[in-house]
Protein chains: 2
Amino acid sequence: MADSHDAPLDVAAQIRTDIIKGKLEPGTKLREVALAERYEVSRIPIREALRTLEADGLVESRKFSGSVVAPSPAEDAEDLFEIRIVLESATAKRAARRAAELSAGGEHDAKWSEIRAEINEILEAGDAVIADERFEDLAVLNMRFHFAVAELSGSLSFISLLRQISGKIEWLYSLNLMRRGPQAWPEHREIIAAIDAGQVEQAAETMARHVRRSRDSYFATMSERP
Amino acid sequence: MADSHDAPLDVAAQIRTDIIKGKLEPGTKLREVALAERYEVSRIPIREALRTLEADGLVESRKFSGSVVAPSPAEDAEDLFEIRIVLESATAKRAARRAAELSAGGEHDAKWSEIRAEINEILEAGDAVIADERFEDLAVLNMRFHFAVAELSGSLSFISLLRQISGKIEWLYSLNLMRRGPQAWPEHREIIAAIDAGQVEQAAETMARHVRRSRDSYFATMSERP
DNA sequence: GATTACAGTTTTGTATACAAATTGCCCCTC
DNA sequence: GAGGGGCAATTTGTATACAAAACTGTAATC
């Protein structure tokens, strides 16, 4: 099957991809019938998808006035990084606390082990991708890593909030083409090490530093080539 | 017109109210046909409403498995307050910065003036409500105030994130019956004063203190009567 | 007696059809 | 010629109808 929009698997994901890849530019009016024809479904799934994307901040809707592609996230990139710094240090802190509790109690939390194992897979997959210099795949793995950490925290609120901004973050990174990936990847292991060790403050600080570097790198490359 | 669910004005708002007021308890399965009958509309508006509420974190949905009322926000009240502290100090800071820019440039931003006027109305309405001891109306005004500040910040990301957690916050407060309202209300004027004056750091700190007090009051009353 | 397979029921997902609201355009009037 | 009002075309919102998937209970077999 083709990768663009043959199978009506998840319309929201397809529209999201088209927005992130730049096929649908900010400000574009999203007419429901046009989208219905394009993705070969009826208007109803399109409407559902638009509501989902609205929640993700990728489109904006007004009653009886339709939906448009939201402004480029570059507009408030600073906000997004600021939010990430506070949000993700909090999740890392929470995850480390849970690690400490679990190891103290000696309990075997099945959910924890499962996520923890997935993180190892993600980290190794990242190494492989870097070795093969297939950097474009790194953005997805990066998002998966940060999500997995949020899941380790066990807080539904944090997961849900990260999910809320992840759409725009991904959009942002695709503009930047994830150039920092190779240098950034090893930092993930530091974060996990701190979490595993139950070092609460260090986990938070390592994560905050990681995101800050990411931010600085983003603005550096964006000022080079606007 | 009645206040419960006669007019099909906004189904999402009605379901939200029913969840917050406890008429729909966490874990309750939300069958679409049942809701359609209850609110006297078809299934389609119900589905739209459920997507909206899912984005607000009040319901959880799984494909082909329907929607259920989300777990009580009391579960992660600490997380919610922690998020609010960082998020809302950031919005207050941003709003103060914009105020400083506008007054320096001498520009008349129509949008700003409009929101600023609305805030005055909200503050006065709050005073009136307190004078009449109609405290149950204060929760709504409180949410409106915090939203208005977010709008002053001009950052769509912040507004959208606050909107994401506001549903749960409101839910949380309704469990607490907003006992701190009368003491808390004057603090809102301090926050606005700092913003108007363009005092960036003070706006952030005042807002953070406001939310921290709110948190402490919440846990105090909740420990009294669990 | 327990387990598995199957069918009936229930519930969600989707398509088609129609009503309501907005927007833009044209014509009429001043 | 300019401005306002109303009509029509476009677009979103909603209802009805149908298809697909999941759950449940029963029965048959091991």
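Order of the sequence lines sets the chain letters (A, B, ...), proteins ahead of strands, with each chain counted from 1. Both backbone and side-chain heavy atoms feed into the values below; hydrogens, waters and symmetry mates do not.
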> To the nearest Å, how far apart are A/K29 NZ and D/dT10 P?
Replying inline: 14 Å
> Roughly how far, to the nearest 0.5 Å, is the CG atom of B/L141 from the CD1 atom of B/I130?
Replying inline: 9.0 Å
Contacts under 3.5 Å, N or O only, protein and nucleotides 9-11 of chain C:
unit_1	atom_1	unit_2	atom_2	d
C/dT11	OP1	B/R31	NH1	3.1

>> Tell me the interatomic distance from A/R51, atom CZ, to D/dT12, atom C1', rounded to whole angstroms.
In response: 9 Å
> Could you state the CG-P distance from A/L35 to D/dT11, rounded to the nearest angstrom?
Replying inline: 12 Å
>> Taking B/R189 first and then B/D127, would you say they form a salt bridge - that is, a charged N and a carboxylate O separated by under 4.0 Å?
In response: yes
>> What is the distance, to the nearest angstrom, from the CZ atom on B/R62 to the P atom on C/dT12?
In response: 12 Å
> Quick one: A/L50 CG to D/dT12 C1', roughly how many Å, whole number?
Replying inline: 11 Å
>> What is the distance, to the nearest angstrom, from the CD1 atom on B/I46 to the C1' atom on D/dT16?
In response: 15 Å
>> I'd like to know if B/E118 pairs up with B/R144 as an ion pair, taking the criterion as any Lys NZ or Arg NE/NH1/NH2 lying under 4.0 Å from an Asp or Glu carboxylate oxygen.
In response: yes
> Whole-Å distance between C/dG13 P and A/D10 CG?
Replying inline: 12 Å
> Where each residue is assigned the nucleotide of DNA chain D containing its nearest heavy atom, which of B/R43 and B/E48 is assigned the position nearer the 5′ end?
Replying inline: B/E48
> Roughly, in whole Å, what's the span from CD1 in A/I44 to P in D/dA20?
Replying inline: 17 Å
> So, does B/T17 use its side chain to make a donor-acceptor pair with the main chain of B/A13 at under 3.5 Å?
Replying inline: yes
>> Which label fits B/H146 and B/H188: parallel for a plane angle under 30°, tilted from 30 to 60°, or perpendicular past 60°?
In response: perpendicular
> Salt bridge or not for A/K93 and B/E82, using N-O below 4.0 Å?
Replying inline: no
